[in-house]
Amino acid sequence: MNILSINNLAKIGREKPLFTEVTFGIQEGEKAALIGRNGTGKSTLLATIAGVLQPDEGTVVINKEAGVSYLPQTPAFNPDDTIREHIFKNNSPKLSVIREYEEICEEMATRESQSDGLQHRYEDIMHKMDVADLWNYEAQISSILSTLGITDMTRRMGTLSGGMCKKVALAQVLVEDTKLLLLDEPTNHLDISTIFWLQNYLHDTKRSVLMVTHDRWFLDAVCTNIYELARNHLKLYEGNYSQYLEKKETEAEIEANTERRIESVLRFEREWLLRGPCARGTKIKARIQRDEQLINREKFKADKGFTFEVKGKRLGGKVLELHNISKNYPKGYVSEQGENEKGTNYVPVISNFSYVFTKGQKIGIFGDNGSGKSTFLNIITGNLAPDSGSIDIGVNTKFGYYTQNPIFKDTNLTVLEYIKETAEHMTLNNSKKEVSATKFLEEFGFEGKIQHSPVSTLSGGERKRLYLVRLLLENPNFLVLDEPTNDFDIFTMNILEQFLEGYEGCLLLVSHDRYFMDKTVDSLFIMEENGDISGFVGKCSEYIEYRDELKKEQALRAATEPAREGGEQRSASQGEPSPSSITNQKKKLSFKEQKEFEQLNEEIPALEAEQKELEPKMASSDFEEVRKASERYKEIEALLEEKYPRWEELAERA
């Protein structure tokens with residue numbers, strides 16, 4: 001079934017058309033991505049499809065039965081809304097019933113005694129859920145909210161951190177009863193664990209997906225089609241991102257060969273034209289017109305490779321030393337996960353951490369949202385004081401700190417003026433030559449008129465790229481990068497990766513992009529929820545594999561060990577869990593989850609029994625009976641595939 005049809009779509013940008021003659025369609029279950037450089041109009045195209053922006057030309061048709069859910073790059077919200085009100089803003093009949101069910105369950109869980117009126121409302125909403133057959137849908141919603149760490153639905157949107165707002169906006173899109181998802185940078189501000197879950201969710205869902213993302217692992221795992229927006233036009237590349245790269249390489253070779261052949265022909269034709277041929281004959285006129293078209297053609301330009309390294313100040317014998325650093329948040333601090341810590345006077349974020357940095361180290365910081373990664377960077381760079389401990393910075397150490405949300409004091413400056421405030425020239429490390437600010441900007445994709453455009457006219461990704469260029473022009477020898485990949489296009493990511501691979505200074509990096517982390521760092525700091533920081537020598541993907549294997553071993557050990565009478569804890573000799581495994585344990589079941597668990601305990605055995613009853617019928621000689629039994633058997637199989645994981649999750653916590 002066709003879900004989305006785009007015909008001849010066009011949108012005008014600040015100086016020229018962003019895209020023209022865009023025509024394509026999305027089929028049911030298709031997973032596609034929009035890629036292209038910052039400023040080419042990817043987000044504009046997605047917003048136009050979603051109906052947020054109006055096209056200058058063309059039409060967008062979304063199947064009436066499908067419905068669409070749109071996640072913008074920067075979600076809008078009413079700060080006074082609760083999380084529940086924001087997530088269930090869609091007034092579809094299904095979500096309205098589930099919202100009422102959620103509210104009644106929460107009311108019953110918080111009241112000490114249940115009135116007859118409340119009990120009657122509970123029985124009434126249970127009946128509505130039964131009649132509308134919403135239990136599977138509600139279980140999916142509960143699973144999404146639980147996985148995203150959204151536990152307190154009464155919190156106000158205005159009190160949430162940026163990362164938590166993104167999770168709530170993502171949850172709102174995923175729980176809606178629609179068949180088309182339009183996602184603009186869905187992985188921004190999410191931690192690696194959540195990204196991995198979202199990757200699997202989108203891969204397995206039957207819903208159609210069109211998204212903008214720079215996460216190359218994510219693209220590879222989810223997408224079956226890649227749409228590239230370049231030169232104002234959209235082009236389809238069938239396959240995932242790896243296959244797209246292969247096709248682009250082949251395409252570039254063909255275009256380069258074609259360009260060489262045209263130039264070879266033109267050398268001869270230019271000599272002929274210089275002889276001043278008589279243009280009276282029809283054939284001569286046609287030949288001259290053809291030559292003029294070839295001369296004025298749009299010439300092939302290969303993507304630039306990154307060809308230089310900055311020459312940073314030489315690091316001394318002492319780079320940076322941390323001695324017993326600790327940082328705590330006061331009681332009542334609300335963490336990124338949305339949990340209000342109680343029962344202690346403080347919340348430990350960093351506990352008694354010591355480390356001596358040496359020349360050339362490249363370290364990534366791994367941890368869930370709220371684990372203190374940005375806090376750690378702010379302490380190191382002197383923007384935040386530790387509660388205890390000391391920081392000893394080397395005399396020659398010069399930090400270059402890339403923050404998540406760079407501030408531009410004067411956006412009326414042109415791009416070139418903004419860069420020249422730092423330096424008009426810089427020395428390249430590989431050739432010892434100087435390069436102008438103009439040339440340096442060109443290497444990062446700021447070419448032509450854009451250098452003379454005000455900073456205020458740049459897109460979000462272009463501004464962050466400009467901020468990065470200025471940071472590198474300062475020639476730091478200790479780079480501290482906090483989520484530098486947010487809002488960057490893949491072109492910029494490749495440039496930054498190649499630069500960091502040849503960078504001779506120290507690097508401390510926070511990023512949710514696994515591919516980027518693998519390419520740029522060789523060891524990790526692991527931020528634990530109890531404030532401990534542990535080390536891991538190896539790449540990010542290797543740590544994820546190691547962590548997953550460790551979890552499987554712990555789960556297997558827990559399943560095979562007999563439970564001790566009275567719930568006594570295992571001793572260290574029996575394999576006591578690590579602090580990280582303890583902190584990853586989930587909270588006990590809520591009232592609503594307990595009811596859901598009880599219902600699953602009844603539904604699953606009933607479905608399994610029905611399956612067994614159908615097996616003899618599937619061997620019948622009556623064709624019609626076999627058909628009906630087979631169809632029902634498949635339906636039950638699909639239901640059980642949905643219910644088993646949720647039951648296992650709740651059973652583990654129960």
Side-chain angles (χ1 to χ4, degrees), residues 24 26-27 29-38 40 42-43 45-46 71 73 147 170 173-174 180-230 234-252 303 364 366 461 483-498 500-501 509 511-521 538-549:
F24 71 103
I26 298 290
Q27 300 299 314
E30 182 180 342
K31 315 291 168 59
L34 281 172
I35 67 171
R37 298 188 181 186
N38 289 136
T40 55
K42 303 185 298 296
S43 294
L45 177 55
L46 213 61
L71 176 71
Q73 234 182 92
T147 305
L170 179 61
V173 167
L174 297 183
L180 175 62
L181 296 176
L182 302 176
L183 309 176
D184 195 352
E185 298 289 5
T187 62
N188 277 5
H189 307 294
L190 299 183
D191 54 59
I192 290 176
S193 300
T194 308
I195 291 171
F196 189 68
W197 169 82
L198 180 62
Q199 170 185 304
N200 291 333
Y201 174 88
L202 294 179
H203 178 273
D204 295 339
T205 185
K206 295 177 182 177
R207 302 163 82 177
S208 302
V209 179
L210 179 62
M211 64 180 174
V212 173
T213 182
H214 60 256
D215 191 316
R216 287 151 291 182
W217 272 24
F218 197 77
L219 278 171
D220 249 358
V222 175
C223 294
T224 52
N225 284 322
I226 304 291
Y227 289 93
E228 183 183 41
L229 191 56
L234 196 70
K235 185 172 182 179
L236 169 64
Y237 293 85
E238 294 182 354
N240 62 13
Y241 181 70
S242 294
Q243 292 166 319
Y244 156 80
L245 289 178
E246 292 172 4
K247 290 175 180 178
K248 282 290 288 184
E249 189 175 348
T250 303
E251 194 176 81
D303 285 340
F366 186 101
E483 296 287 9
T485 58
N486 280 353
D487 304 315
F488 276 177
D489 56 40
I490 293 172
F491 163 76
T492 307
M493 300 271 283
N494 287 330
I495 288 177
L496 185 54
E497 280 169 4
Q498 292 176 53
L500 292 177
E501 284 176 14
L509 170 69
S511 176
H512 62 257
D513 190 310
R514 294 158 289 174
Y515 189 97
F516 184 75
M517 288 270 274
D518 275 359
K519 293 276 283 185
T520 53
V521 303
K539 297 189 179 297
C540 181
S541 57
E542 293 171 342
Y543 172 71
I544 292 172
E545 289 177 9
Y546 163 76
R547 187 186 62 170
D548 290 345
E549 287 299 319

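Positions are given from 1, in the same order as the sequence printed here. Owing to the predicted nature of the structure, the values given are computational and were not obtained by experimental measurement.
In this structure a side-chain-to-backbone donor-acceptor pair under 3.5 Å is present from K31 to H203. In terms of modelled atom types and a separation under 3.5 Å, the side chain of R207 and the main chain of L174 share a donor-acceptor contact. Of the possible donor and acceptor atoms, one in the side chain of E483 sits under 3.5 Å from a partner among the backbone N and O of H512. A donor-acceptor pair under 3.5 Å is absent between the side-chain atoms of S208 and the main chain of L180, judged by distance alone. In this structure, the side chain of Q243 engages the main chain of N240 through a donor-acceptor pair within 3.5 Å. Although no hydrogens or angles enter the test, the distance criterion places a donor-acceptor pair under 3.5 Å between the side chain of D518 and the main chain of S541. Put simply, the side chain of K247 gets close to the backbone of E238: a donor and an acceptor are under 3.5 Å apart. With hydrogens and angles ignored, the 3.5 Å screen pairs a side-chain donor or acceptor of D220 with a backbone N or O of Y241.
Residues F196 and R514 approach most closely at CD1-NH1, 3.6 Å, considering heavy atoms. Closest approach of L34 and L210 over heavy atoms only: CG-CD1, 4.2 Å. When all heavy atoms of V209 and L183 are compared, the pair lying nearest together is CG1-CD1, 4.2 Å. In terms of heavy atoms, P186 sits closest to T213 at CD-CB, 4.4 Å. Across every non-hydrogen atom of E185 and F488, the tightest pair is OE2-O, 4.5 Å. Across all non-hydrogen atoms, the minimal contact from C540 to I192 is SG-CD1, 3.7 Å.
When side chains are defined from C-beta on, L198 counts as touching L202, because their heavy atoms get closer than 4.5 Å. The shortest distance between side-chain heavy atoms of Y227 and K42 does not fall below 4.5 Å. No side-chain heavy atom of T147 sits under 4.5 Å from any side-chain heavy atom of Y201. Between E251 and Y237 the shortest side-chain heavy-atom distance falls below 4.5 Å.
Once rounded to the nearest 0.5 Å, the distance linking CD1 of I35 with CG of D489 reads 10.0 Å. Going from atom OH of Y515 over to atom CD of E497 covers 6.0 Å, rounded to the nearest 0.5 Å.
Relative to the ring axis of F491, R37 places its NZ or CZ within 45° and under 6.0 Å from the centre.
Remark: of the listed residues T520, T485, T187, T485 is the sole one forming a side chain to side chain contact (heavy atoms under 4.5 Å, CB included) with D513.
Taking the side-chain hydrogen bond (donor to acceptor under 3.5 Å, both in side chains) definition, one finds that D215 meets it with nothing, sequence neighbours left out.
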